[in-house]
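Counting from 1, the numbers follow the sequence of the chain as shown.
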Amino acid sequence: MSHHRAIAAVFVTHGAVAGSLSTRIPWIQEHLHLSPGALGLALLCPSIGAFVGMPMAGRLAYRFGNRAATRVLLALWCAGLALPALSPSPVWLFGAFLLFGASAGMCDVAMNAHAVLLERHLGRSIMSGLHGMWSVGSLASGGLGALAAHAGIDARIHLGAMSLALLGLGAVAGRGLLPDSGMTSSVRDAPAPRRFALPTRGILAIGLVGFCATFAEGASSNWSAVYLTAVTDAGPGLAAAGYTVFMLCMASTRLLGDHVIRRIGPAATVRAGGAVAAAGGVLVVAARTPALGIAGFALIGLGIAVIVPLVIAAAGNAGTTPGEGVAGVATITYLSGLIAPAVTGWVAGALSYPAAFALITCVVVLLTLLAPVLRPSRTSPSQGAVRADA
């Protein structure tokens, strides 16, 4: 297995864990007799765990090697898939979700840092396609989970079997990852990152681009169906189709995005994507029919799809080590994904749904103005490095 295929399989595995669990949340809620409020608190725990764990991942990757850290953290993430369904009470569920989120976030940092190193090794962009493979894994496992739920299969059996299968896939993929000995001397000789790597000033500039993109993604994915129902009078099927179209546009664009990035560069890609997403936002705000609303969400998905992968690659090249840079920017994007659905709901409740998505459109416009921070540095020895001081 080539190094590129190996890290692609790691991304597929990571996405498959996330997709598997998301389909069985209703079973967990019913099994533990959770109220909507209690379930909401439980579902906040993975984000808290990831937010706490991510800043430590760069140090772990430096100490044990990026390849080993990716393999171990991926195994923990896969093993943790079975824990929520096995929880005997809400208290145990909160703890399981905290551990689940911490392993997810730390693995996310390690595998993205490894992807940055492989980009340097190969001398070409691969990050967008890898994130597309993550979406493929999530969609495929989500489909299997839906079939399992429809068949009435106990979630403990379903998630336990998926955990074992994905552990095996992750182990096979891990053996093909780029060895630390194959990395450049600038990476091997880099100083040790901080034990708890909060974003530096240089990473903050890059992270703000990721914050804007993740904000638009989180708001659209969580509110598209509700928006189409409330504003365009879409039925349940059409409303669900809006979310599906949005996610499919995200996944397909990421799979093809590296070709565009290689041709026109990161900054131009962000500007073009931001312009497309802003046009989609305007269409969503103006839409009063389901077809126009769905088209608007499709354009938002197409426009923002490759921006987060580009931000992660940029941060990995701008940090003291790839792990520290990725950890810093991932902390910012996770925070954005955490608050975006809530802020959208508050604005919609205080004003209206179109007003909420007008705000999101303004956020996307800001993203296009910040695109120059992803411009490649002329003085950097690595092809993928970017300016962090723009």
Side-chain angles (χ1 to χ4, degrees), residues 7 9-25 28 41-61 66 68-87 92-115 130-131 133-142 145 155 159-160 162-167 169-171 173-174 196-197 210 214 217-218 221-222 308-309 312 323 326-341:
I7 191 63
V10 168
F11 273 76
V12 169
T13 304
H14 194 284
V17 175
S20 296
L21 180 64
S22 64
T23 60
R24 305 316 304 262
I25 296 299
I28 293 172
L41 286 175
L43 293 177
L44 186 61
C45 290
S47 296
I48 295 173
F51 198 74
V52 172
M54 277 180 161
M56 297 184 287
R59 181 76 177 197
L60 288 175
N66 195 274
T70 301
R71 296 180 68 181
V72 171
L73 291 170
L74 181 63
L76 290 176
W77 169 233
C78 293
L81 174 60
L83 294 180
L86 294 173
S87 300
W92 282 95
L93 180 65
F94 293 164
F97 271 144
L98 283 171
L99 292 174
F100 186 73
S103 62
M106 295 174 77
C107 182
D108 198 344
V109 170
M111 71 187 196
N112 275 287
H114 192 90
L130 293 177
H131 281 251
M133 294 304 294
W134 189 97
S135 298
V136 169
S138 180
L139 289 169
S141 64
L159 295 183
M162 288 298 297
S163 176
L164 291 174
L166 293 173
L167 273 169
L169 176 60
F196 196 82
T214 306
E217 179 182 347
S221 62
N222 283 274
V308 169
I312 290 173
V326 171
V329 81
T331 303
I332 296 172
T333 56
Y334 260 65
L335 176 63
S336 177
L338 186 63
I339 68 174

(message) For the CG atom of Leu166 and the CG atom of Leu159, what is their distance to the nearest 0.5 Å?
(response) 10.0 Å
(message) For the CE atom of Met162 and the CZ atom of Arg24, what is their distance to the nearest 0.5 Å?
(response) 11.5 Å
(request) Determine whether Val326 and Met54 make a side-chain contact, defined as any pair of heavy atoms from C-beta on separated by less than 4.5 Å. (result) no
(request) Let me know which of Met111, His14, Met106 forms a side chain to side chain contact (heavy atoms under 4.5 Å, CB included) with Trp77. (result) His14
(request) Quick one: pull up CG in Leu335 and CZ in Phe51 and give me the separation to the nearest 0.5 Å. (result) 5.0 Å
(request) Side-chain contact test, heavy atoms from C-beta onward, threshold under 4.5 Å: evaluate it for Leu81 versus Ser20 and give yes or no. (result) yes
(message) Contact between Phe100 and Val17 at the side-chain level, heavy atoms closer than 4.5 Å - yes or no?
(response) yes
(message) With side-chain contact (heavy atoms from CB on, under 4.5 Å) as the criterion, how do Leu44 and Phe97 come out once you've worked through the C-alpha distance, each side chain's angles and the decisive distance to 0.1 Å?
(response) CA-CA 8 Å; Leu44 186 61; Phe97 271 144; over 6 Å; no
(request) Measure the shortest side-chain to side-chain distance between Cys107 and Leu76 over non-hydrogen atoms and say whether it is less than 4.5 angstrom. (result) no
(request) Starting at CG of Leu21, measure out to CD1 of Ile28 and round the result to the nearest 0.5 Å. (result) 5.5 Å
(message) Using side-chain contact (heavy atoms from CB on, under 4.5 Å), reason through Leu73 and Ser103 one step at a time and then give a plain yes or no.
(response) CA-CA 6 Å; Leu73 291 170; Ser103 62; 5.8 Å; no
(message) Test side-chain contact (heavy atoms from CB on, under 4.5 Å) on Phe11 and Val136; report intermediate values, then the result.
(response) CA-CA 9 Å; Phe11 273 76; Val136 169; over 6 Å; no
(request) Please tell me if the side chains of Pro46 and Leu98 come closer than 4.5 Å, counting only heavy atoms from C-beta onward. (result) no
(request) Might you point out which heavy atoms bring Asn66 and Ala113 nearest each other, and give the distance in Å? (result) ND2-CB, 3.5 Å
(message) Less than 4.5 Å apart, side chain to side chain, heavy atoms only: is that true for Val72 and Leu60?
(response) no
